[in-house]
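First the proteins, then the strands, lettered A, B, ... as listed; each starts at 1.
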Amino acid sequence: MNCKAVRTHLLQATDPGRPSAAVAEHLAQCPACRQWQDRLRQLADALPLLPVPPTTAKADLLCKLEKIPVAPRRPVAVVAKPSRLAAFFNSPAFPPAALAAGLLVFAFTWWLLPTPRGVPIAQGPRRPAPDPLLASMMQRHLELARAKSPGARLTALADLADDLQKETQALALAEANADDLDVLARLYVQVVSQGVAERAPLVPEAERRDLLGPIVNRLEQTSKSADETAGKLQENSAAKLQIIASAAREGMKQLKALQQTGERP
Amino acid sequence: MNRFVLPLAVLTLATVVWADSTPPLLPGEKVERFHKNQKLVKALVEHGLDLAKQDDPIQRAKQCGSVAEFFAAEIREAAKRRDGYRAAELSALLGTLLKTGVADNLRSLGPNVAPESQGMQEMLKIRKQVDKLTRPLEDPIVWLKDGPLTAPMEEAQSAIRAAREEVERVVPAAKPVAEKGL
């Protein structure tokens, strides 16, 4: 092994102080190479002690890494989705599709809301409107059930009479037959003669002026309105409304007498 | 933006139509309803006139109890025909009648009615009467005779049950008479 080969080996060695057997044999015979080995070893030992100047290289490197563009596969996938969505929104198929979807949502909501799911409906999907006459009669009945004073009872009876006459006129215009109108007209007569006129004298005198005045006015209005409606109807039906008009006039007469003299005529 | 206008307009219109799903009765329907409800209307008016003459809460409760019998009979008929909506409508009214007309009048007597008094005996009779007319309507057999229970039928049963329970709260059941020793 010559000197050049030995020195090349020493430069490549991890530790120049521990050479291989062939290199060590040459060093033992060659003082120049031993001296060269000593200088190399000193240099290697001193290298870690050298001062390191301040540097921005690391920061610069990280900065460069951040600026490197994203890997090619990923951006392709991200860009592809919105472009397809945008294409759908812009396509001519969108408005009909949106309309169909909206109707589907509405139909589903319609089906879902009126009745619990899975419960069969014997009468069809729509609940019929409640009977307003029955509801108002019940309301007046309950007012009478609650009313403790004669004044409260008189007011409830007058309201009941009003509801009956309004309903009779509405049914007459709806072409109800004369028998139906007769039932309601007779109920009206009962309420005015056995209810309003009989109960009014029991109202304390101090309350009469405030209570009776409005009721007299309502009876007067009823008699006029029933006469007017009767004029538009056939003879049989008109006769039933005239019963109402007549009962209203009679009730009015009795209440007016009570207002003036304090007694029923 | 224009492409949203048509679907939105259709949805809005449909919602408006749907919201008004129980329109008022048509003239023909009014007449038909009157035929159906004539007995009940007469009972309400005639017993209402009697109510106006009564000062005693027990007698007032009795009057309301008498009207309740008319309603119970009509509900039974509706149940037989499986007319759930009619049963529900009448049951709601019956419930209000029992709660306001019967229970509230009896409640107005206060808690001081002596257990052995005539008043308490009358109250217990009313409780028994209410029980007799409502219990059969709560029995599923009445409703399930010819088909499954529908939502309006359940609604009707529930209104009736709630009203009976209200009357029972106001008039607790009579305590059994203690057996006398030999």
_Atom group of B:Glu46 that falls short of 4.5 Å from chain A, counting heavy atoms_ = side chain
_Contact leader toward chain A among B:Lys36, B:His35, B:His47, where contacts are heavy-atom pairs under 4.5 Å_ = B:His35
_Considering all heavy atoms, the nearest B:Lys30-A:Pro132 contact_ = NZ-CG, 4.3 Å
*Using a heavy-atom cutoff of under 4.5 Å, enumerate the residues of residues 88-102 of chain B that contact chain A, numbered in order, or state 'none'.*
B:Ala88, B:Glu89, B:Leu90, B:Leu93, B:Thr96, B:Leu97, B:Thr100, B:Gly101
*What option among A:Gln139, A:Arg140, A:Lys148, A:Arg146 has the most heavy-atom pairs under 4.5 Å with chain B?*
A:Arg146
*Residue selection (most heavy-atom pairs with chain B, distance under 4.5 Å) from A:Arg186, A:Gln190, A:Gln194*: A:Gln190
*Backbone N/O of B:Val31 and side chain of A:Asp180: donor-acceptor pair under 3.5 Å*: no
_Just checking A:Arg209: does its CZ atom have more than 12 heavy atoms from other residues, nucleotides or ligands closer to it than 6.0 angstrom?_
no
*asked:* So which residue, B:Leu49, B:Leu26, B:Asp104, ends up with the most heavy-atom pairs under 4.5 Å with chain A?
replied: B:Leu49
_Largest heavy-atom contact set with chain B, pairs under 4.5 Å, which of A:Leu157, A:Leu142, A:Leu154_ = A:Leu142
*Heavy atoms under 4.5 Å from chain A: which residues of residues 64-73 of chain B carry them?*
B:Cys64, B:Val67, B:Phe71
_Contact list for residues 235-247 of chain A, test side chain to side chain donor-acceptor pair (under 3.5 Å), sequence neighbours left out_ = A:Asp182-A:Lys240
*Applying a criterion of heavy atom separation less than 4.5 Å, what residues of residues 169-176 of chain A form contacts with chain B?*
A:Ala170, A:Leu171, A:Ala174, A:Ala176
*asked:* Using heavy-atom distances under 4.5 Å, tell me whether A:Val183 contacts chain B through its side chain, its backbone, both, or neither.
replied: side chain
*asked:* Please find the pair of heavy atoms, one from A:Met137 and one from B:Val41, that lie closest to each other, and give the distance.
replied: CG-CG1, 4.0 Å
*Side chain, backbone, both or neither: which part of A:Glu143 has a non-hydrogen atom closer than 4.5 Å to chain B?*
neither
*Under a 4.5 Å heavy-atom cut-off, does chain A meet the side chain of B:Gln59, its backbone, both or neither?*
neither
*Pick whichever of B:Pro27, B:Ala52, B:Gly48 has the most heavy-atom pairs under 4.5 Å with chain A.*
B:Ala52
_Please classify the contact between A:Leu134 and chain B as side chain, backbone, both or neither, with a heavy-atom cut-off of under 4.5 Å._
both
*Identify the heavy atoms of A:Pro128 and B:Arg33 that sit nearest to each other, and give their distance.*
CB-NH2, 3.5 Å
*asked:* Please check: side-chain N/O of A:Arg127 versus main-chain N/O of B:Pro152, any donor-acceptor pairing under 3.5 Å?
replied: no
*Do B:Lys53 and A:Arg153 touch side chain to side chain, with heavy atoms closer than 4.5 Å?*
no
*Taking A:Leu187, A:Leu164, A:Asp131 one by one, which has the highest count of heavy-atom pairs under 4.5 Å against chain B?*
A:Asp131
*When you look at B:Asn37 and A:Leu133, which way does the side chain to side chain contact (heavy atoms under 4.5 Å, CB included) test go after all the steps?*
CA-CA 9 Å; B:Asn37 292 328; A:Leu133 171 64; over 6 Å; no
